[in-house]
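A quick write-up on the structure given underneath.
Bear in mind the structure is a predicted one, so any value in this text is a computation, not a measurement. Numbers restart at 1 for each chain; the letters A, B, ... are given by sequence-line order, proteins then strands.
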There are 2 protein chains.
Amino acid sequence: MEFDDKVPIYLQIKQVIYHEMVTGKLKPGEQLPAVRQLALDLTVNVNTVQRALGTMIAEGFLVSQRGRGNFVTEDQPKIATLKQQLVQEQLATVYHELHALNLSDDEIITSVQRYVQQRGNQDDSHLND
Amino acid sequence: MEFDDKVPIYLQIKQVIYHEMVTGKLKPGEQLPAVRQLALDLTVNVNTVQRALGTMIAEGFLVSQRGRGNFVTEDQPKIATLKQQLVQEQLATVYHELHALNLSDDEIITSVQRYVQQRGNQDDSHLND
DNA sequence: CCTAGTGTTCTATTTAACTATTACAATATA
DNA sequence: TATATTGTAATAGTTAAATAGAACACTAGG
């Protein structure tokens, strides 16, 4: 996997797993691939995987069973809350950054609308294939 | 100044200066504080400042005159384009991330609207001081 | 000419992230 | 009871970012 070399890999791994939990690609109680397998999949060292998983275990999002494997928490509300947190983080970041670029509240909203609309038009172009 | 220890300081310094150029706090042709002064202001090493400025000079946003100082480019259209780029980056990032969290286009727009609205209400509360 | 204030460059250290490798601990299963 | 598979931990080495400190190069002004 390709990583952004501007942010620590273990944080990017956490982000990937968070997203898979939130989108349901990883379901509550589901077993994760073995750490050694994850290391291969992500083309990264086992220690780096372990560092990511270790913090997520400490946070209660994963449950570790020595000799068996790592599992997604069964706590579904916790996962729902996680999604809210991740969304909120993103919103706070854009808002802060666009405000720092002197965009007003209205300009922020309309710029997002325009961006989404443009993305949509791009997708439409594929219909001509 | 406080930095996010998850992203290199010299990149954060670039971001600050970019923002000051875009918002007009630093005007075209204006002289920047001396590198040693900037290092003091940002509570950072001179070399780190130099690393940030060096790349911005290479990018053409700053002009360096040995023995005199560093100056913002006189090229106003270049600065206008910079703002567009920075805004676009932010929009691309949120869109990508929120989509990865399974939000639809409409949900992305409405979530931004709700967020801005909530921020507005928070600000109103200060009027009661 | 000299000095102070600029930008620029260099070397040496420290620290955090990552890698590589090995070993250990617990579980499941043949 | 072995053996394979799992998570966990420890040690050692590499790299990039940042710091500290010194030196060099150019400009302006007394």
Side-chain angles (χ1 to χ4, degrees), chain A residues 1-18 20-21 26-75, chain B residues 1-18 20-21 26-75:
Chain A
M1 172 178 172
E2 342 98 37
F3 292 100
D4 177 358
D5 62 351
K6 296 309 176 195
V7 37
I9 293 176
Y10 76 96
L11 291 180
Q12 297 181 59
I13 293 175
K14 289 182 69 174
Q15 201 71 7
V16 168
I17 299 177
Y18 280 149
E20 293 185 345
M21 289 172 57
L26 277 176
K27 307 195 188 312
E30 183 174 346
Q31 181 171 9
L32 271 67
V35 289
R36 292 170 181 80
Q37 185 59 46
L38 277 175
L40 289 177
D41 296 346
L42 301 169
T43 57
V44 115
N45 192 273
V46 179
N47 298 323
T48 306
V49 173
Q50 187 64 25
R51 182 170 184 178
L53 298 190
T55 62
M56 296 182 73
I57 291 166
E59 292 164 352
F61 292 111
L62 299 180
V63 177
S64 168
Q65 291 188 256
R66 203 190 187 90
R68 292 197 60 225
N70 292 311
F71 303 83
V72 177
T73 178
E74 306 264 7
D75 188 343
Chain B
M1 172 176 171
E2 342 97 38
F3 292 101
D4 177 359
D5 63 348
K6 296 310 176 193
V7 39
I9 294 177
Y10 77 95
L11 291 180
Q12 298 182 59
I13 293 175
K14 288 182 68 174
Q15 200 72 9
V16 168
I17 300 177
Y18 280 150
E20 293 186 346
M21 289 173 56
L26 277 177
K27 305 191 190 315
E30 183 173 346
Q31 181 172 9
L32 272 66
V35 287
R36 291 171 181 80
Q37 185 58 46
L38 277 175
L40 289 177
D41 296 347
L42 301 168
T43 58
V44 114
N45 190 272
V46 180
N47 298 321
T48 305
V49 173
Q50 188 64 25
R51 182 169 185 179
L53 299 191
T55 62
M56 297 182 73
I57 291 165
E59 293 164 351
F61 291 111
L62 298 180
V63 177
S64 168
Q65 290 187 256
R66 202 189 187 95
R68 293 197 60 225
N70 291 311
F71 302 83
V72 177
T73 179
E74 307 264 8
D75 188 344

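Identified under the side-chain hydrogen bond (donor to acceptor under 3.5 Å, both in side chains) test for residues 48-63 of chain B, with sequence neighbours left out: B:Lys14-B:Thr55, B:Lys14-B:Glu59, B:Tyr18-B:Glu59.
Between B:Tyr10 and B:Val44, every side-chain heavy-atom pair lies at or beyond the 4.5 Å cut-off. Side-chain contact check for A:Gln15 versus A:Val7: every heavy-atom pair is 4.5 Å or farther apart. Contact annotation: the side chain of A:Leu38 never approaches that of A:Asn70 to less than 4.5 Å [non-hydrogen atoms, C-beta and beyond]. Side-chain contact between B:Ile17 and B:Leu53: present, with at least one pair of heavy atoms (C-beta onward) separated by less than 4.5 Å.
As a whole-Å value, the separation of A:Arg36 CZ from C:dC24 P is 14 Å. Taking atom CZ of A:Phe71 as the reference point, atom C1' of C:dT27 lies 11 Å away to the nearest angstrom. In this structure, A:Leu11 places its CG atom 13 Å from C1' of C:dC18, rounding to the nearest Å. Between the P atom of C:dT6 and the CG atom of B:Leu32 lies a distance of 12 Å, rounded to the nearest Å. In this entry the distance linking CG of B:Leu38 with C1' of C:dG5 reads 14 Å, nearest Å. For the pair A:Gln50 CD and C:dA20 P, the interatomic distance rounds to 17 Å; values are reported in whole Å. B:Gln31 places its CD atom 8 Å from the P atom of C:dT6, with the value rounded to the nearest Å. In this entry the distance linking CG of A:Leu40 with C1' of C:dA20 reads 14 Å, nearest Å.
Nearest-nucleotide positions on DNA chain D place A:Ile57 closer to the 5' end than the other of A:Ile57 and B:Tyr10. Annotation: of the two residues near DNA chain C, A:Gln65 and A:Ile9, the 5′-most nearest-nucleotide partner is A:Ile9. Nearer the 5' end of DNA chain D, as judged by each residue's closest nucleotide, is the contact made by A:Gly67, out of A:Asp5 and A:Gly67.
When every heavy atom of B:Ile13 is checked against every heavy atom of B:Ala52, the shortest pair comes out as CG2-CB, 3.7 Å.
If you check C:dG7, C:dC18, C:dT19 against the side chain of A:Arg51, the one that comes closest is C:dC18.
OP1 or OP2 of C:dA28 lies within a sub-4.0 Å distance of a side-chain N or O belonging to A:Arg68. Taking only side-chain nitrogens and oxygens, A:Thr48 never comes nearer than 4.0 Å to OP1 or OP2 of C:dA17.
Every residue two or more places apart in sequence or in another chain that forms a side chain to side chain contact (heavy atoms under 4.5 Å, CB included) with A:Arg68 is listed here: A:Gln65, A:Phe71.
Within 4.0 Å of A:Asn47, counting heavy atoms only, lies at least one base atom of the nucleic acid.
Bounding nucleotides for the chain B contact on DNA chain D, 5' to 3', at a heavy-atom distance below 4.0 Å, are D:dA17 to D:dA28.
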